[in-house]
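Residue numbers run from 1 in the order of the sequence given. These numbers were taken from a predicted model, which means no experiment stands behind them.
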Amino acid sequence: MPKRTVVAGALWVLLCVLAFLVDPVLGACVLIFGGIGVVVVQLSSSWDEHPDFEARELERARRRKVKWEKNAPAREKDAARYAAHQARKNRENAS
């Protein structure tokens with residue numbers, strides 16, 4: 001666990017204890033909002049470890065290309081059926 005998270009957690013516990021000694025309502029507020037703050041500190045500690053936008057988009061593009069190539073025969077079949085339908089429709093309209 002990052003040092004910032006440990007420090008934030010220890011400070012949060014200390015402030016909670018002191019706030020509860022002063023007033024239970026104040027202690028509850030410090031408990032809730034301080035807990036949210038510690039969670040935010042923990043989540044932000046690994047922010048730079050995730051891939052950037054360009055890396056995610058390259059991966060998505062790669063997956064879309066694989067899917068596109070996998071479905072190529074179905075698209076060709078649909079295109080042939082549509083062309084046959086259009087040819088029948090044009091013959092009927094020409095008559």
Side-chain angles (χ1 to χ4, degrees):
M1 199 177 314
K3 184 178 177 183
R4 284 190 304 182
T5 306
V6 173
V7 171
L11 184 63
W12 172 55
V13 169
L14 178 67
L15 288 176
C16 284
V17 169
L18 293 175
F20 269 111
L21 291 176
V22 173
D23 183 23
V25 175
L26 178 64
C29 289
V30 171
L31 180 73
I32 292 168
F33 292 114
I36 292 170
V38 171
V39 169
V40 168
V41 168
Q42 172 60 31
L43 292 176
S44 69
S45 67
S46 63
W47 184 262
D48 294 333
E49 297 172 8
H50 300 291
D52 58 355
F53 177 77
E54 289 81 13
R56 289 191 308 266
E57 282 301 309
L58 285 173
E59 178 62 25
R60 286 186 193 118
R62 188 193 61 74
R63 287 193 313 253
R64 282 191 301 265
K65 184 177 181 182
V66 168
K67 186 177 177 182
W68 178 264
E69 291 170 354
K70 183 179 125 184
N71 293 330
R75 280 194 316 280
E76 291 172 6
K77 181 180 172 184
D78 287 344
R81 289 178 60 201
Y82 182 72
H85 168 71
Q86 289 297 319
R88 280 193 310 272
K89 191 174 168 183
N90 289 336
R91 278 191 308 249
E92 290 174 4
N93 288 339
S95 300

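- The nearest pair of heavy atoms linking A19 to G27 is CB-CA, 3.6 Å.
- Every residue two or more places apart in sequence or in another chain was checked for a side-chain hydrogen bond (donor to acceptor under 3.5 Å, both in side chains) with R64, and none qualifies.
- In this structure, Q42 and T5 approach most closely via the heavy-atom pair OE1-OG1, 3.0 Å.
- Distance NZ/K77 to CG/N71: 12.5 Å, rounded to 0.5 Å.
- The shortest distance between side-chain heavy atoms of K65 and E69 falls below 4.5 Å.
- The hydrophobic cluster of Y82 has no other members, since no ILVMFWY side-chain heavy atom comes under 4.5 Å of it.
- Residue S45 holds its OG atom at 7.5 Å from CG of L43, rounded to the nearest 0.5 Å.
- Closest approach of L31 to F20, counting heavy atoms only: CB-CE1, 4.4 Å.
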* Asked: Checking side chain to side chain contact (heavy atoms under 4.5 Å, CB included) for the pair K67/R63: CA distance, chi angles, key distance, verdict?
  -> CA-CA 6 Å; K67 186 177 177 182; R63 287 193 313 253; over 6 Å; no
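- In this structure, R81 places its CZ atom where only 12 or fewer heavy-atom neighbours from other residues, nucleotides or ligands lie under 6.0 Å away.
- Minimum heavy-atom separation, V30 to W12: O-NE1, 3.3 Å.
- To the nearest 0.5 Å, atoms CG (L26) and SG (C16) are separated by 9.5 Å.
- The structure places NE2 of H85 at 9.0 Å from CG of N90, a figure rounded to the nearest 0.5 Å.
- Using a 4.0 Å cut-off between charged nitrogen and carboxylate oxygen, R62 and E59 count as a salt-bridge pair.
- One finds no salt bridge joining E92 and K89 here, because no Lys/Arg side-chain nitrogen approaches an Asp/Glu carboxylate oxygen to under 4.0 Å.
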